[in-house]
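Below is one structure, written out as structure tokens; comments come after it.
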Amino acid sequence: MKLATWNVNSVRAREARLLRWLEAARPDVVCLQELKVTTEAFPFEVLRAAGYFAAVHGQRTYNGVAILSRVEPQDVERGFGDEGDDTQARLVSAQVGGLRVASAYVPNGAEVGSEKWSYKLEWLRRLRAWLDRRFAQTDPLALCGDFNVAPEARDVCDPAAWEGSVLTHPDARQALQDVRAWGLVDAFRLHHEEPGFFSWWDYRMLAFPKNKGLRIDHIDLSPSLAGRCSAAAIDRNERKGKQPSDHVPVVVELDV
DNA sequence: ATGGTTGCTTAGCAA
């Protein structure tokens, strides 16, 4: 199974590129983030024609997440289902082909110390609580998405320049580590040790041509799936050409 | 040098 995650930064603005990429990469399952569209206005028909079902948790203007799958997703769950804030569409999960897949759009956090920053850290705590509540470590689970955290210095183009940012702050890294301590493994790092692999480049300041990026999009696997992950890659080419997203797809191959 | 760019929505916010 080929499983991917991609923050498309508006599914409507990216529709042509998404369809072209699906045709070229032929993934079985794709987690999308930042749809920026309501569930009602999601392009179900065009994706169905391309061979994909969709489990969608949409929202107007901001956020919005989905799971595309060649087999029909079952048991779709939207949000955490906890007592916390439920106004931002940032999590959808579903059963696809024998495993549980989650598409997550972790809050960016805006600025360290801001209300949005607190919301980001709290959201990551809720994510860990959701894992504790909903799954056993033996379950085949893939948590995919824009985590808005570069886990280590090797995931940052210029660690000194990015020190203390919302994407690299020790508190954000610790919050992600607390999520992963449930029993998740960063699939990309199973296959690549070296620095210089990025999944996001700012639209501004010629960040992509200068390769000033960060690796903030991740596919995290439960132990049983980690042992079945035969390859991982970042599709850097998708940042090239006209009207790219600021993020590119991350792809893994699972022997399931 | 709190700059620069993109998307949604329509002037300002979010990233």
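As the structure is a computational prediction, the values presented were derived from the model and not from experiment. Residue numbering restarts at 1 for every chain, and letters A, B, ... go by the order of the sequence lines.
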Rounded distance (Å) that lies between atom C1' of dA15(B) and atom CH2 of Trp200(A): 8 Å
Asp246(A) CG - dA14(B) P separation (whole Å): 16 Å
dA1(B) to dA11(B) separation - C1' atoms, rounded to the nearest Å: 25 Å
Nearest-nucleotide comparison on DNA chain B, the residue closer to the 5′ end among Ser10(A) and Tyr105(A): Ser10(A)
Between Ser245(A) and Asn9(A): side-chain donor-acceptor atoms closer than 3.5 Å: no
dC13(B) and dG3(B), which share atom name P, separated by this distance in whole Å: 14 Å
Please list, for nucleotides 9-12 of chain B, all pairs of protein and nucleotide N/O atoms separated by less than 3.5 Å.
residue : atom : partner  : partner atom : Å
dT9(B)  : OP1  : Thr61(A) : OG1          : 2.7

Distance-only polar pair, side chains of Tyr119(A) and Asp85(A), donor-acceptor under 3.5 Å: yes
Euclidean distance, atom CG of residue Leu18(A) to atom P of dG7(B) [Å, nearest integer]: 15 Å
Atom pair distance, as rounded to whole Å: NZ in Lys116(A) and P in dA15(B): 5 Å
Distance in angstrom units between Asn63(A) CG and dA15(B) P, rounded: 7 Å
Phe53(A) six-ring face occupied by Arg70(A) cation (under 6.0 Å, within 45°): no
Hphob cluster co-occupancy, Leu167(A) + Phe198(A), side-chain heavy atoms under 4.5 angstrom: no
Whole-Å gap separating P (dA14(B)) and CD (Gln88(A)): 10 Å
Value in whole Å for how far the P atom of dA14(B) lies from CD of Glu115(A): 11 Å
Between P of dA14(B) and OH of Tyr119(A), the distance in whole Å: 13 Å
Of the listed nucleotides dG4(B), dG7(B), dA14(B), the one nearest the side chain of Ala13(A): dG7(B)
Student check: side-chain heavy atoms of Arg100(A) and Asp75(A) closer than 4.5 Å: yes
Close aromatic pair by centroid cut-off 6.0 Å: His247(A) and Trp201(A): no
Residue whose closest nucleotide on DNA chain B lies nearer the 5' end, Tyr203(A) versus Asn7(A): Tyr203(A)
Under-4.0 Å side-chain N/O to phosphate OP1/OP2 contact, Arg14(A) with dT6(B): no
dT9(B) and dG4(B), which share atom name P, separated by this distance in whole Å: 25 Å
Between Trp6(A) and Glu34(A), a side-chain donor and acceptor under 3.5 Å: no
